[in-house]
Protein chains: 2
Amino acid sequence: MRPARRDTRAEILSLAEQLFHARGYHGFSYQDIAQALGVKNAAIHYHFASKEDLGLALIGRLRELVRKNLELFRGNPIDPVAAIQAYFGYYRNHCAATHSICAVGMLAAELSTVPDAMRLQARALADEMRELLAAILEAGRARGVMQFAGEPAARALSLMCTMGGAAQVTRLKDSPEVLETVIAQVSRELGLAA
Amino acid sequence: MRPARRDTRAEILSLAEQLFHARGYHGFSYQDIAQALGVKNAAIHYHFASKEDLGLALIGRLRELVRKNLELFRGNPIDPVAAIQAYFGYYRNHCAATHSICAVGMLAAELSTVPDAMRLQARALADEMRELLAAILEAGRARGVMQFAGEPAARALSLMCTMGGAAQVTRLKDSPEVLETVIAQVSRELGLAA
DNA sequence: GTCTATATCCGGATAGAC
DNA sequence: GTCTATCCGGATATAGAC
């Protein structure tokens, strides 16, 4: 029942995540975080000895989130349409609204300039994301509320690429309309109601 | 009829383009180029006073290429299927083969850390790319060799996002199979022969 | 056109006091 | 847990000789 004492570590992680989505792993510095939090450079190093540690913690948290969603959906796969709308919602309310892009796309771009361990984490994140989408698509088709040709895993991969790309072009063009156009096109092809 | 004298400027540009696709605008330095070409740092600055100049020249060349292809296709739109196969071929033979990603995706990721002028160039590049794809898709549907719902411009945008994302995930997973899976899925949906 | 030399700045990281 | 102070390396960029 302690009063709302600052949890610096959590604040760092949260801010770093925003900065990462907006500017990439190499696009922010310990200085940026320190200044925003009103502490000094060295304080960040106390919580995350190296920037790589921070990067790993960051992706780890995202993986956790995806895994939790997968578990949730598998435990109660009654509404695949709502699940995919939530997926679209992420791009609307997170990416487009904050002019940022998704972590997989950012990490893919920075892949060759990022520590090895982060590369592995990024791969795992992409795998888990694909797994989640495949589960949703498979359930959707089985219940007759989605239509597509081919394997759910293949369609999930393609969808993931499309939406990741959509977030990027949306940001590039600074136009939420881009995202809406792609979502509308994809929805049409999956047989979802507009 | 001068002997094959080195055109340093062209070599710089060509090498910078490779480095950019592989590591991004911030991922390579004048040093990298200088060493690879066996000259000194300052020599690069002679040809491109600032890195921004180099970046602009680089994107400008890509735009030129896309524009040329658009002009070519518009002048002779008899084989849209070959045109789209060539588009897929770029991802196979350039991106996947060199473990790099396409410029639009790279620039979208680095967007907020790149000079203003480059942002504008990047937007124009994306627009022109979309225009080219829309022309191909429209011709393909008109000739009955491609099927899709909605406007060609919307389908073109979605396709561009899908393929850009596919290059990124292919690189992330270090797996050409990812690219082939996406191409196969897209081809199926467009009604192209496998 | 290319060189040497240098200026300037910035990012990550560490040591040791408080 | 946070501070001050400092080190190191790397990157862009410029001046002036050749």
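Each chain gets a letter, A, B and so on, in the order the sequences are listed, and its residues count up from 1.
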In numerical order, the residues of residues 42-57 of chain B whose heavy atoms come under 4.0 Å of DNA chain C are B:A42, B:A43, B:Y46, B:H47

For residues 27-34 of chain B, which residues have at least one heavy atom under 4.0 Å from DNA chain C? none

Once you round to the nearest 0.5 Å, how far does SG of A:C102 lie from CE of A:M163? 9.5 Å

From CG (B:L133) to CG (B:L157), nearest 0.5 Å: 9.5 Å

Between C1' of C:dG11 and CD of A:Q35, the distance in whole Å: 13 Å

Nearest-Å distance, CG (B:N41) to P (D:dT14)? 12 Å

Backbone N/O of B:M160 and side chain of B:R130: donor-acceptor pair under 3.5 Å: no

Heavy-atom nearest pair, A:F48 first then A:Y30, reads O-OH, 2.9 Å

Given C:dT2, is OP1 or OP2 found less than 4.0 Å from the side-chain N or O atoms of B:T8? yes

Could you tell me whether [X] and [Y] have a side-chain N and a carboxylate O separated by less than 4.0 Å?
| X | Y | value |
| --- | --- | --- |
| B:D32 | B:R23 | yes |
| A:R74 | A:E71 | no |
| B:E189 | A:R155 | yes |

Quick one: sort the B:H94 and B:H21 rings into parallel, tilted or perpendicular, breaks at 30° and 60°. perpendicular

